[in-house]
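Beneath this line is the structure, given in structure tokens, with notes to follow.
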Number of protein chains: 2
Amino acid sequence: MRSEDLAKLLGLSRSTISRVINNYPDIPQATRDKVWKAIEEHNYAPNASARKLAGVKNKMIAIILLDIKEDEEPHHVKATEDHLIHDNPFFSPIINAVSDQANKMDYYVLISIAYSKKDLKKVQSLFYQKLIDGAIFVGTQEAENELIFNLIEQKHYIAMIDTSEAYNTKHNAIYLNVDNYEGSVKAVSYLLELGHTSIGIITGNINKLSAIERLAGYKATLMQHGIEMRKDATYHGDFTENSGYEGIKYILSGPNPPTAIFVSNDTMVIGAYKAISELGLRVPEDISIIGFDNSFFSSYLNPSLTTIDISFTDLAKRATKLLIESIEQEQQRGIIEKVNATLVIRDSCKVMNREDKTK
Amino acid sequence: MRSEDLAKLLGLSRSTISRVINNYPDIPQATRDKVWKAIEEHNYAPNASARKLAGVKNKMIAIILLDIKEDEEPHHVKATEDHLIHDNPFFSPIINAVSDQANKMDYYVLISIAYSKKDLKKVQSLFYQKLIDGAIFVGTQEAENELIFNLIEQKHYIAMIDTSEAYNTKHNAIYLNVDNYEGSVKAVSYLLELGHTSIGIITGNINKLSAIERLAGYKATLMQHGIEMRKDATYHGDFTENSGYEGIKYILSGPNPPTAIFVSNDTMVIGAYKAISELGLRVPEDISIIGFDNSFFSSYLNPSLTTIDISFTDLAKRATKLLIESIEQEQQRGIIEKVNATLVIRDSCKVMNREDKTK
DNA sequence: CTGAAAGCGCTTACAG
DNA sequence: CTGAAAGCGCTTACAG
């Protein structure tokens, strides 16, 4: 069914059909009703390609998940031979939130997962083919910057989630990031409130901004309370389960172990719990543990993990909203926003009482 | 950049540009090279809408996640005020696998999550607008059937994952389902092999095909071994965490509790573990537990859960492959396939030794 | 081998 | 208020 057919059926012209569909004024209610009725009846919908070609907006954005393995593996990602990345705790909430927000604003969402430079070329071509009006990139690394910055310079609308915003001043794009610093301040402050004064840390991969910021928040909070970082309670991990395991073995082997440990992400906590159990110790009775990320599994750990939630849902929604607004206004925008990190209290940290402290 | 511009630049006609892009024969290698070089240089890509309008296929499919709450809540789904469904363990692996398979076959993927009848109308319109060539529906329920069957009759290409295939004989669509029966046969057989002879069950919501089939496999396997189902070791749950909790309390309160329990999905195991812990018992020393689904969290439970894996990845890949093949051949196909369920052995079931048995 | 032209199904000034 | 016509950027018979 084409608009032509519908027009003939009703004794009208295509122009009129088009006008009622596009809500032009100056059309008598009677024709309006007649047309809409026929549209419903015949399941007519204007051909999307024809509309687009005639100048109407697509209303389509893409969400691009990057998992490109040139150097090291990104955060939390374990790939199988098949390149599946859904183990990434960001995956579901981000896609879900983008989809919902876009839907709410009447946009379609194309999903694309890029594992290689070649896949990235395809992403680029989404813009050149004018298939999409804009895109949200998740998890870009240094190596992808050039391609993305090119796109931005070519006046395409782009939002980036969880990417260093170092370049923002030069680029008209939307950057949404986690407030890692604030998150670790909250984590360490909580431990201090519980009465812990000896707090160790297992850091993430210190090449990553997130690891650096989380460490900085830890350090600053301790200093503010007149506590110094202890070398023997600090382990440089890399965000993997195994480094959490090693970290615990290292830190708890000392003569005077801390009473609490800030583990820089939840994935490392899995290894940490294993090591603690092997040492015959218990969480939180013998050692308090706090994580970071509020990964999907953290409430299923035993004991359930007190951690820092960084609402990827919120991040994704805001990115989507800002991107679509920017598209609708036909104006590129340079925006940096940080999303709050919040403490999620569960069962892995205990209150210190006097005996514990003096012990 | 339009093909016209490129043509002028090269002193050729649009026809020729189009012919090299679409790989027509009878074009001298020299012109081919010249054109491709210019295409690369100028980031030219044919406008997708124009191509589509001129008759070239879209190469776009949609993945439709249904979560419509007219009667009861679907399987495993907890919705927040925001309608997010990403807690569903199917979510990530299915989207990821569809995306990867489609990408491999050079198709784009549109994602749509439908929470209401109204959303479903939008999905319908994806077809009418000719935005997509076909779609994969996940988790449809009775109420959505009419709309989907209409689409099928209108010669649209459709695949359905995890839906009753009862209607297949009437409809030319691709149905991919889990072999629930085989899965529970495997679960119960494994318990029998370990030496358990007294095996309880917590069923799922018995209105659902999956719950019925899982129960049937359990019953049949016991019968085959000359064991009868015990009323006092059977609890009718509903796939929720809470019903797992209640089920354990009920079954283990009897005078002669079973040594193992088949819990019809992993979500209920979370509740079951809680109840067992409250009763002061331990898994698997005091009671063996086997689940179903191999949900993302099952390896993080403590002890890690022995369960049945139903590879949604495989399911989704096959559905995608079949759908796209059907689109390419321009022929609707009626296909039903069941995907294997496999046993994943972890730490929640113990071997029965003689003392246990005679006890 | 390659160009001119029709046609895909819309939207939107332009007339009336 | 509404129709006829141009135009969006391609592809593809049709000629040559």
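Since the structure is predicted, the reported quantities are computational estimates derived from the model, not experimental observations. Every chain is numbered from 1, with letters handed out A, B, ... down the list of sequences. Values reported hereafter were calculated over all heavy atoms of this structure, with side chains retained and with hydrogens, waters and symmetry mates removed.
Residue R2(A) is the one, among G55(A) and R2(A), whose nearest nucleotide of DNA chain C lies closer to the 5' end (criterion: closest heavy atom). In this structure, N47(B) and T16(B) both approach DNA chain D, and ranking their closest nucleotides by distance from the 5' end singles out N47(B).
K321(A) NZ: 12 or fewer foreign heavy atoms inside a 6.0 Å radius. Under a cut-off of 6.0 angstrom, the local environment of NZ in K130(B) is sparse, with at most 12 non-hydrogen atoms contributed by other residues, nucleotides or ligands. Under a cut-off of 6.0 angstrom, the local environment of CD in E146(A) is sparse, with at most 12 non-hydrogen atoms contributed by other residues, nucleotides or ligands.
Counting non-hydrogen atoms under 4.0 angstrom, S15(B) reaches a base of the nucleic acid. Across all strands, S18(A) comes closer than 4.0 Å to base atoms (heavy-atom distances).
The aromatic rings of F137(A) and F127(A) lie parallel to each other, with less than 30° between the two planes, well short of the 60° mark.
On the nucleic acid side, DNA chain C has its first and last nucleotide under 4.0 Å of a heavy atom of chain B at dC1(C) to dG9(C), going 5' to 3'.
Under 4.0 Å is where a charged nitrogen must lie from a carboxylate oxygen, and between D33(A) and K37(A) no such pair does.
Both key distances under 3.5 Å define a Watson-Crick or G-U pair, and stretches of 3 or more such consecutive pairs in DNA chain D run C:1-3 with D:14-16, C:5-12 with D:5-12, C:14-16 with D:1-3.
Evaluation of the side chain to side chain contact (heavy atoms under 4.5 Å, CB included) rule for V109(A) yields I61(A), I63(A), V98(A), A102(A), I111(B) as partners, not counting sequence neighbours.
In the model, Y157(B) has no side-chain atom that pairs as donor or acceptor with a side-chain atom of E330(B) under 3.5 Å.
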Stepwise salt bridge (charged side-chain N to carboxylate O under 4.0 Å, His left out) check, D100(A) with K104(A): CA-CA 6 Å; D100(A) 282 1; K104(A) 211 177 281 176; over 6 Å; no
